[in-house]
Amino acid sequence: MGVRDLRLFLLFALPLAFAGLFFGGVYSYNRPPVRKILSHVPHSYGDDHNPASPQQVHISMVGEDKMRISWITESSTPATVEYGTSPTKYEFSANGTTSSYRYSILYKSGEIHDVVIGPLKPNTLYYYRCGPASGRDFTFKTPPAQFPIKFAVVGDLGQTEWTDSTLQHVAKSNYDMLLLPGDLAYADFYQLFWDSFGRLVEPLASQRPWMVTQGNHEVERIPVFHSKPFTAYNARWRMPFEQSGSDSNLYYSFNVAGVHIIMLGSYTDFEPSSPQYKWLEADMGKIDRKRSPWIVVLVHAPWYNTNTAHQGEKESDEMKASMEGLLYQARVDVVFTGHVHAYERFTRVYNGKANNCGPVHITIGDGGNQEGLASKYEDPRPDISIFREASFGHGQFEVVNATHALWTWHRNDDSTAFVSDSIWLRSLSSDPACQYRGQR
């Protein structure tokens with residue numbers, strides 16, 4: 001075994017073996033054959049290698065009129081963004097922070113830069129560049145300030161040939177914002193996969209805000225080797241948790257164009273005495289349904305699931321028992337989840353039964369992960385499960401106005417954007433039968 005092989009063994013194989021001993025329950029069923037991982041994601045600067053050149057650029061919303069620009073460089077360089085509404089004419093500039101992290105004893109990340117820019121105009125194309133010596137120019141479009149707005153929704157993305165297909169489909173959808181309910185890179189302790197994932201998604205994630213929450217593959221905690229969870233995720237994918245009063249990057253909320261979006265954490269404490277529960281209770285108490293007629297929740301582990309995969313896990317069952325009542329009382333419209341590598345849509349449901357005032361639960365964990373599809377379902381199909389299929393794909397949630405939204409699911413198997421499942425939804429805030437005392 002050479003020096004390089006030994007480094008890879010210590011960094012990846014040995015910790016992964018330990019992780020399997022401690023977290024074996026995560027892989028609790030036999031998966032279909034895996035899909036090929038993309039063998040090489042080239043650097044976006046091409047052959048003109050400059051260690052100060054920005055790579056892995058992605059953006060996320062901060063408040064309703066600001067944007068966080070995040071990128072990585074190989075060498076130290078100021079965290080500066082220049083931007084404007086005309087090509088190569090940068091009227092404004094902003095400075096931010098730079099950080100890095102270590103994982104285990106062998107990996108040190110590049111320089112991670114975060115800069116918040118704004119205030120910005122809604123539904124406007126901006127031109128920007130990262131760092132003072134950058135030869136690369138980028139563009140992004142801000143979301144609209146009012147309806148309609150279109151979200152792309154995809155979970156368990158990974159970096160396989162199926163992932164690439166999913167991203168190509170998403171790129172054609174003319175979406176305003178991407179929502180991802182956990183399991184991003186599938187780095188699984190091998191930190192270089194975080195870098196390749198950042199390069200893979202940069203063409204999309206640098207142009208539209210990507211709002212994400214964490215899944216089990218982001219935990220990356222290994223006793224003895226690396227005891228702190230979510231190190232890479234928190235360092236690389238910083239979300240606007242402070243703006244919603246949260247104390248953790250693992251759960252937060254934000255408003256966009258009349259939709260209040262809540263990101264929850266399956267893999268942090270969620271019992272009634274936990275900070276996350278108390279934060280969620282307070283956050284939902286502040287929602288003004290006249291200003292935000294739609295409420296959407298994203299969480300990784302599904303609370304409703306008729307697939308044979310991932311049954312009986314506490315992150316699903318115990319979190320549902322703890323928090324489902326809060327979501328029902330707040331009249332949440334839709335809950336998007338991942339974890340199960342398939343697609344499934346439920347009717348409006350609460351406490352295990354169909355309920356016209358409960359949220360629609362949708363599992364969208366079919367983005368392209370390397371572990372394969374979860375193809376086995378409970379038989380017979382329960383009445384509350386309306387549509388289910390083990391195929392890779394993505395969803396589009398187009399909120400047309402304060403009362404109606406269109407949900408569509410698109411299989412990757414189809415070369416064009418063929419709709420495989422769709423439903424029109426009415427907001428619960430507009431349904432007189434679902435009004436309750438205390439609703440604002």
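Small disclaimer: the values here were computed from a predicted structure and weren't measured.
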For Q159 and S196, test the side chains for any donor-to-acceptor distance below 3.5 angstrom and give the result as yes or no.
-> yes
Could you tell me whether the side chain of T142 and the main chain of N123 form a donor-acceptor pair under 3.5 Å?
-> yes
Check the surroundings of atom NZ in K108: do more than 12 heavy atoms from other residues, nucleotides or ligands lie under 6.0 Å from it?
-> yes
S246 side chain to Y252 backbone, donor-acceptor under 3.5 Å | no
Would the number of heavy atoms belonging to other residues, nucleotides or ligands and lying under 6.0 Å from CD of Q146 be above 12?
-> no
Compare every heavy atom of T347 with every heavy atom of A354, then report the nearest pair and how far apart it is.
-> CB-CG2, 4.0 Å
Kindly compute the distance separating CD (E74) from CD (E111), expressed to the nearest 0.5 Å.
-> 11.0 Å
Are F346 and V335 close enough, and set up right, to give a side-chain contact (heavy atoms from CB on, under 4.5 Å), and what steps lead you there?
-> CA-CA 10 Å; F346 290 83; V335 177; over 6 Å; no
Evaluation steps, side-chain contact (heavy atoms from CB on, under 4.5 Å), between L167 and V201 = CA-CA 8 Å; L167 294 176; V201 303; 4.3 Å; yes
Do T166 and T163 meet the criterion of a side-chain donor-acceptor pair at a distance under 3.5 Å?
-> no
Is there side-chain contact between M323 and W303, with at least one heavy-atom pair below 4.5 Å?
-> yes
Can you establish whether the number of heavy atoms outside D431 located under 6.0 Å from its atom CG is more than 12?
-> yes
Counting only N and O atoms by type, is there a donor-acceptor contact under 3.5 Å from the side chain of Q276 to the main-chain atoms of D269?
-> yes
Any side-chain donor paired with an acceptor under 3.5 Å for S316 and H310?
-> no
Check whether any side-chain heavy atom of Y233 sits under 4.5 Å from a side-chain heavy atom of V212, and report yes or no.
-> yes
Spatial distance of atom CG (N255) from atom CE (M61) [nearest 0.5 Å] = 8.5 Å
N/O donor-acceptor pair under 3.5 Å between W279 side chain and S244 backbone | yes
Nearest atoms (heavy-atom pairs only) where A94 meets V115 | O-CG1, 3.6 Å
Do H394 and Y175 come close enough that some side-chain heavy atom pair is under 4.5 Å?
-> no
Taking all heavy atoms of R345 and all of I423, pick out the closest pair and write down the distance.
-> NH1-CD1, 3.4 Å
side-chain contact (heavy atoms from CB on, under 4.5 Å) between H300 and D183: does it pass, once the steps are laid out?
-> CA-CA 8 Å; H300 186 63; D183 281 1; 3.1 Å; yes
For residues D156 and Y186, is any side-chain donor paired with an opposing acceptor at under 3.5 Å?
-> yes
Closest contact, heavy atoms only, L125 versus Y127 = CD2-OH, 3.5 Å
H58: which of F138, W237, W71 passes ring pair (Phe, Tyr, Trp, His ring centres under 6.0 Å) = W237
Does a donor on one side chain and an acceptor on the other come within less than 3.5 Å for N351 and Y328?
-> no
Do I69 and F140 come within less than 4.5 Å of each other through their side chains, counting heavy atoms only?
-> yes
In this structure, NZ of K141 is separated from OH of Y126 (nearest 0.5 Å) by 12.0 Å
Would you check if V57 and Y128 make a side-chain contact, meaning some heavy-atom pair closer than 4.5 Å?
-> yes
Going by atom types only, do S427 and D333 share a side-chain donor-acceptor pair under 3.5 Å?
-> no
Flag if over 12 foreign heavy atoms under 6.0 Å of CZ, R426 | yes
Measure the CG-CD distance between L157 and Q370 for me, rounded to the nearest 0.5 Å.
-> 10.5 Å
Short side-chain to backbone donor-acceptor contact, N249 and M239, under 3.5 Å | yes
Within the side chain of E315, is there an N or O that forms a donor-acceptor pair under 3.5 Å with the backbone of S266?
-> no
Would you check if there is a donor-acceptor pair between the side chains of E344 and S385 at a distance under 3.5 Å?
-> yes
Under the 3.5 angstrom rule, does the side chain of K150 hit a backbone N or O of S173 as a donor-acceptor pair?
-> yes
Residue pair L280 / L327, side-chain heavy-atom distance below 4.5 Å | yes
Kindly indicate whether the side chain of L250, heavy atoms from C-beta on, has any atom under 4.5 Å from the side chain of Y267.
-> no
Any chance you could measure T268, atom OG1, to M319, atom CE, to the nearest 0.5 Å?
-> 9.0 Å
Before giving the answer on side-chain contact (heavy atoms from CB on, under 4.5 Å), spell out for F392 and N369 the whole-Å C-alpha distance, their side-chain angles and the decisive distance to 0.1 Å.
-> CA-CA 9 Å; F392 289 110; N369 66 88; 3.8 Å; yes
Nearest heavy-atom pair of F189 and E220: which atoms, and what distance?
-> N-OE2, 2.8 Å
Judged by modelled atom types alone, do H169 and H410 share a side-chain donor-acceptor pair under 3.5 Å?
-> no
Side-chain H-bond candidate by donor/acceptor type, Y343 with R411, under 3.5 Å | no
Do Y377 and T308 have side-chain heavy atoms sitting under 4.5 Å apart?
-> no
Any side-chain donor near an acceptor of the partner, H361 and T337, under 3.5 Å = no
So how far is it from R236 CZ to Q191 CD, rounded to the nearest 0.5 Å?
-> 6.5 Å
Check: E218 side chain, L184 main-chain N or O, donor-acceptor pair, under 3.5 Å | yes
Y304 (side chain) donor-acceptor with G352 (main chain) under 3.5 angstrom = yes
Check for a donor-acceptor pair, side chain of R238 on one end and backbone N or O of S60 on the other, with a separation under 3.5 Å.
-> no
For residues P240 and V62, report the shortest heavy-atom separation together with the two atoms involved.
-> CB-CA, 4.1 Å
